[in-house]
Protein chains: 2
Amino acid sequence: MPTLTKQEAPTLRDVAAAAGVTIATASRSLTGAYGVHPETRKRVMETATLLNYKPNRSARALVTGHSNVIGLVVSDVRNPYFAEVARGAEDAAYAAGFDLLLCNSDLYADRQMRYINSLLEKRVEGIIMNSVANLSRKDQTFIVDSGVPVVLLYQSAGGTPFSTVSADSERGGELAAEYLLAHGHRHMMYLAGSRQHANLSKRAQGFLQVVRRFGHKAEAGVMYGTHTLAGGYEIARSLFRKLGNTTAIATANDVIAFGVIKAAIELGVNIPRDVSLIGFDDVELASIVHPPLTTIRQSKYEIGGAAVDILLRLAAGKDRSPEHRVLGVELVERASVGAPPSGRGKR
Amino acid sequence: MPTLTKQEAPTLRDVAAAAGVTIATASRSLTGAYGVHPETRKRVMETATLLNYKPNRSARALVTGHSNVIGLVVSDVRNPYFAEVARGAEDAAYAAGFDLLLCNSDLYADRQMRYINSLLEKRVEGIIMNSVANLSRKDQTFIVDSGVPVVLLYQSAGGTPFSTVSADSERGGELAAEYLLAHGHRHMMYLAGSRQHANLSKRAQGFLQVVRRFGHKAEAGVMYGTHTLAGGYEIARSLFRKLGNTTAIATANDVIAFGVIKAAIELGVNIPRDVSLIGFDDVELASIVHPPLTTIRQSKYEIGGAAVDILLRLAAGKDRSPEHRVLGVELVERASVGAPPSGRGKR
DNA sequence: TCGATTCTTGGAAGCGATTGCGAAATGCCT
DNA sequence: AGGCATTTCGCAATCGCTTCCAAGAATCGA
């Protein structure tokens with residue numbers, strides 16, 4: 001009776017032996033390389049499937065120098081925005097025969113760097129990161145020097161050695177402000193999320209700029225926190241306690257807005273009757289919260305896809321110059337913005 | 001002037017040469033193996049960091065046979081449930097020094113098998129999958145024969161060669177039914193999501209069983225579809241057109257319930273006045289939709305963590321017997337369930 | 001002081017694939 | 001049939017690392 005030892009996976013050598021060729025032609029047969037007789041190839045492939053052979057990717061990676069995996073470093077997949085980006089990236093990677101390594105950094109510099117190091121050890125073909133704003137300059141040059149293609153999910157006018165792809169954050173901020181202004185709001189508050197977060201501050205910039213341009217009749221404050229539901233909730237709770245004359249709230253993303261909604265429900269403030277709310281992202285759930293959230297739509301899934309597109313071009317090695325792609329945004333009107341309440345919002 | 005060739009990453013040989021030792025001791029120094037003089041180790045490590053050396057994981061994996069990566073195959077990370085599980089798994093993997101490869105199968109058998117093949121080629125230490133119910137028996141034995149440790153996010157009483165970890169789906173279904181019954185509902189509809197999905201049907205089972213036990217005074221129908229927001233939306237639209245005497249809807253997960261809410265908003269039906277709704281999962285957003293969703297809470301993050309726990313034990317090789325872990329559920333009461341409307345729901 | 005341990009290090013054999021180079025085999029033409 | 005161009009295939013090197021084995025150095029007890 002044979003001992004029940006752990007079955008070792010068949011190697012190329014096994015296949016070659018069984019097919020009566022050397023591992024060289026076996027390899028060429030399997031990889032589809034030119035220069036092997038159709039008949040022998042057929043034979044090799046049949047024995048390969050027969051033996052249930054699977055090439056060892058580590059071995060292949062070692063000699064070819066290609067791991068065929070790309071790393072995705074986001075702050076948190078639980079953020080529906082990143083989940084969508086991740087899915088877009090994964091689909092694109094899959095289509096190109098690449099695999100996606102998922103990393104959640106929580107935007108902690110040390111954690112992010114540990115991930116990057118790990119990815120570099122894996123010799124990934126490229127890295128998609130939502131941001132490097134929280135990293136020290138030293139860390140950033142470290143990444144640049146490592147030579148991996150990097151694309152950031154963040155809007156840049158250039159000046160970065162990294163490629164970037166993102167929605168037009170600034171324009172989105174502008175849209176939000178214009179919309180609120182058009183509805184008669186003059187005293188607004190912008191919940192900007194993390195100060196670190198480049199995209200979010202771009203959105204704030206766009207927003208504030210429009211308000212400022214509107215003249216002294218309008219004003220907007222900014223509050224920082226974290227760009228999570230909990231963060232929005234916290235800030236909103238304190239904000240609702242002393243709303244003053246602010247009649248509208250704009251948030252840097254939908255999740256923050258969700259936090260605001262949660263706080264509003266708890267504190268009994270009615271959106272949009274008591275205060276208007278506009279988000280950013282147009283996450284799937286934005287349409288079913290109450291009230292349905294008016295927000296700025298950006299193409300999250302496409303951003304993920306574009307990121308790996310760029311990465312693959314960079315990784316191909318022909319043209320290593322960074323690319324900056326920015327996708328359009330649009331306002332989607334739902335029910336969370338109304339006219340300012342007649343009582344407040346007046347001087 | 002040196003040609004500006006693409007910088008090749010330094011290898012162990014480079015480090016060894018620079019430190020004046022052989023690659024053998026260099027390796028031992030870096031891996032922390034026993035039996036190298038503290039002083040030489042220090043010297044090696046210093047030159048390693050100086051040269052910015054990073055071990056090639058492919059090479060290491062090739063010789064050690066350990067890839068230190070585990071695969072996560074879910075239907076879609078955009079589903080907040082899986083996003084949470086993914087995060088839990090990723091954190092646990094990270095803590096153990098493992099990496100997580102993300103795969104979205106959409107529950108398509110061919111796509112799932114392609115992923116599994118790819119993961120096997122990568123010689124992953126284990127695979128976490130939400131289900132194998134959609135796979136043919138042949139595919140399933142293929143996976144078993146491959147010898148990788150597998151843990152399913154699905155409840156099993158045993159009988160599977162795979163390990164499983166999940167919430168107590170059946171009990172959850174029971175809780176939902178009991179709660180609805182207690183609120184006076186007698187004519188209920190269960191939106192079960194995919195027929196394939198083992199967890200979801202377990203939930204339906206629990207639900208229906210309680211209703212059945214209640215006697216002929218109560219009844220519950222079942223409708224199948226997809227377990228997505230869109231799926232819930234579709235079904236709810238048709239359901240709302242001919243509600244009949246059903247006064248309460250239970251869904252197999254929160255996302256389906258969200259779809260119901262969306263349809264309700266569009267069609268002007270009021271939850272819970274016109275019809276009550278109870279979900280399953282307690283996704284973060286469940287508390288901020290309108291109305292806040294009464295639902296069954298399960299520990300999604302912990303499930304992800306538990307899955308890699310089991311996987312690592314299995315991968316360690318000592319004990320390869322499958323383990324079945326089931327986590328508790330609890331009802332969280334919010335505002336989507338009320339008494340049945342006086343007009344309907346009577347015989 | 002000397003043999004016996006114990007430490008420390010080097011040499012070398014792989015891990016499982018890819019691939020350049022040359023040899024053998026085949027086909028084609030005159 | 002002979003010569004030459006092509007195919008087809010095998011040999012062996014190599015990728016970067018771990019680890020067994022043995023040899024030299026250091027340490028120790030008596």
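The analysis underlying the following values was restricted to heavy atoms, covering all of them including side chains, and did not include hydrogens, waters or symmetry mates. We name chains A, B, ... by the order of the sequence lines, and we start the count at 1 in each one.
Among A/L311, A/I127, A/V124, the one residue that satisfies the side-chain contact (heavy atoms from CB on, under 4.5 Å) test with A/I70 is A/L311.
Following rounding to the nearest Å, B/E39 (CD) and C/dC7 (P) show an atom-to-atom distance of 18 Å. When rounded to the nearest whole Å, the span between CZ of B/R41 and P of C/dT8 equals 9 Å.
Here the two rings, on A/F162 and A/Y154, have centers that are 6.0 Å apart or farther.
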**OP:** Would you give a per-nucleotide map of nucleotides 11-18 of chain D, 5' to 3', where B means the base has a protein non-hydrogen atom under 4.0 Å away, S means only the sugar-phosphate does, and - means neither?
**Re:** B---BBBB

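Between B/F82 and B/K300 the shortest side-chain heavy-atom distance does not fall below 4.5 Å.
When the nearest nucleotides of DNA chain C are assigned to B/G20 and A/T25 by heavy-atom distance, the more 5′-ward of the two goes with B/G20.
Side-chain N/O atoms of B/H37 include none lying less than 4.0 angstrom from OP1 or OP2 on C/dC7.
Side chain of B/E125 to main chain of B/S67: a donor-acceptor pair is present (N/O by atom type, distance under 3.5 Å, no hydrogens or angles).
Here A/D110 does not pair with A/R114 in a salt bridge; the nearest charged N to carboxylate O distance is not below 4.0 Å. Ion pairing between A/R111 and B/E90 holds under the 4.0 Å rule for side-chain N and carboxylate O.
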